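Atoms within each ligand, like the ligands themselves, are counted from 1 in listed order. In this text the structure is predicted, and so the values were computed from the model without any measurement. Counting begins at 1 with the first residue of the sequence.
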Amino acid sequence: MNKQPIGIFDSGIGGLSILEEINRVLPNENIIYLADNKNCPYGNKDKSDILKLSLKNASLLIKMNCKAIVIACNTATTNAIKEIRDSLSIPVIGIEPAIKPAILNTKTNKIGVLATEKTLTSRLFNKTSNKFSKKVEIYEQIGYGLVDLIEKGKIKETRDLLKSLIDPMLQSNIDQLVLGCTHYHFLIPLIKKILPKNINIQDPNEAIAKQTKKILTINNIQNSLENKYKNIIYVNGKTEIIKNMIKLNGEVNSLDF
Ligand code: DGL
């Protein structure tokens, strides 16, 4: 049994979709979540900046006594997970675009991946996509401008932009659309309206929560107390959207980090 919290971070609200899933799968675990929205978006920054920001977030979570870290950000995972793991002695779980389940499900042998620029150009993403590219064609699309709108809570306003990003992939006959950025989870209702019914959306949030549970169990650090989870969210920029967007058992605080 281990009462220490799990630490989660993202460049803003994207990772809250993973937080909700972790609350569901691990209802006894307390969470500390860092929303680094002062530095959002990460997706078009230099790799060295993404690395610096990711290490800063991870070391703050260590100071806050976390027992494991979930990087709830594809951009930070694909650009910094190795360095974060090398610098820490606690388990680190990351999120990458869910190419594998898309490949297992495709019938047209064509899949689309919508992600940030720095996820799509990362070595880790390219290593994974090259491994599968003999079996299927992978259409990559940078989600230009989407994260900025989502951070402002302007979900409906993404519609036309989203359609212009997705349409070329549809014309290429994809039947799986991989959401490779945690922010895009909040666009799912809108994406469902744009996509024809035969196209699957691959969103790995549930798999990440289950993987977190598995890692806690393997390391014997799960909280088995009859404890209802509590979430403490620290935000270094604006807090309003986070407060409005998410129904939480917990609190949202401002903190300069
Ligand atoms: N939510 C993040 C991701 O999964 C980062 C988005 C951004 O800051 O550009 O990639």
Enquirer: Side chain, backbone, both or neither: which applies to Asp10 and ligand 1 if a contact is any heavy-atom pair less than 4.0 Å apart?
Expert: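 Near ligand 1, Asp10 shows its side chain, while the N, CA, C and O stay back.
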Enquirer: Classify the contact between Thr116 and ligand 1 as side chain, backbone, both or neither, using a heavy-atom distance cut-off of under 4.0 Å.
Expert: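 It is the side chain that touches ligand 1; the backbone stays farther off.
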Enquirer: Who gets closest to atom 1 (N) of ligand 1 by heavy atom: Lys118, Glu96, Lys45, His183?
Expert: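 Residue with the shortest heavy-atom distance to the ligand atom: His183.
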Enquirer: Just to confirm my output: which protein heavy-atom neighbour is closest to atom 7 (C) of ligand 1, and how far is it?
Expert: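 Going atom by atom, the protein heavy atom closest to atom 7 (C) of ligand 1 ends up being Tyr42 N, 3.3 Å.
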Enquirer: Counting only heavy atoms closer than 4.0 Å, does ligand 1 sit against the backbone of Val147, its side chain, both, or neither?
Expert: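 Only the side chain of Val147 comes within reach of ligand 1.
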Enquirer: Quick check on Lys213: does its NZ atom have over 12 non-hydrogen neighbours (other residues, nucleotides or ligands) under 6.0 Å away?
Expert: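 Counting other residues, nucleotides and ligands, NZ of Lys213 stays at 12 neighbours or fewer.
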Enquirer: Check each atom of ligand 1 against the heavy atoms of Pro41 and keep those under 4.0 Å away; list them by number with element.
Expert: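 Here the atoms of ligand 1 in question are 7 (C), 8 (O), 9 (O).
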Enquirer: Are Glu240 and Lys243 close enough for a salt bridge, meaning some N to O gap below 4.0 Å?
Expert: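 Salt bridge absent between Glu240 and Lys243.
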Enquirer: Locate the shortest heavy-atom distance separating Lys45 from Asn39; write the atom from each residue and the value.
Expert: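 Result for this residue pair: NZ-O, 2.9 Å.
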Enquirer: Between Ile233 and Ile22, is there shared hydrophobic-cluster membership here, with clusters defined by ILVMFWY side-chain heavy atoms closer than 4.5 Å?
Expert: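 Cluster IDs for Ile233 and Ile22 match.
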Enquirer: Could you find the nearest protein heavy atom to atom 9 (O) of ligand 1 and give me its residue, atom name and distance?
Expert: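 Residue, atom and distance for the closest contact: Gly43 N, 2.8 Å.
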Enquirer: Only one of Val178, Ile142, Leu146 clears side-chain contact (heavy atoms from CB on, under 4.5 Å) with Leu114; which?
Expert: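 Answer after filtering Val178, Ile142, Leu146: Leu146.
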Enquirer: So, do Leu60 and Lys56 sit near enough that their side-chain heavy atoms are less than 4.5 Å apart?
Expert: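 Not in contact.
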Enquirer: Distance under 4.0 Å to a non-hydrogen atom of Thr75: what atoms of ligand 1 satisfy this?
Expert: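 That gives atoms 3 (C), 5 (C), 10 (O) of ligand 1.
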Enquirer: Restricting to non-hydrogen atoms, name the atom on Ile99 and the atom on Ser129 that form the minimum distance, rounded to 0.1 Å.
Expert: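 Looking at all heavy atoms of both residues, the shortest contact is CD1-CB, 3.9 Å.
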Enquirer: Can you name the atoms of ligand 1, numbered from 1 with element, that are less than 4.0 Å from a heavy atom of Ser11?
Expert: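 In order of number, 5 (C), 6 (C), 7 (C), 8 (O).
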Enquirer: Within the 4.0 Å heavy-atom shell around Asn74, which atoms of ligand 1 are there?
Expert: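 In order of number, 3 (C), 4 (O), 10 (O).
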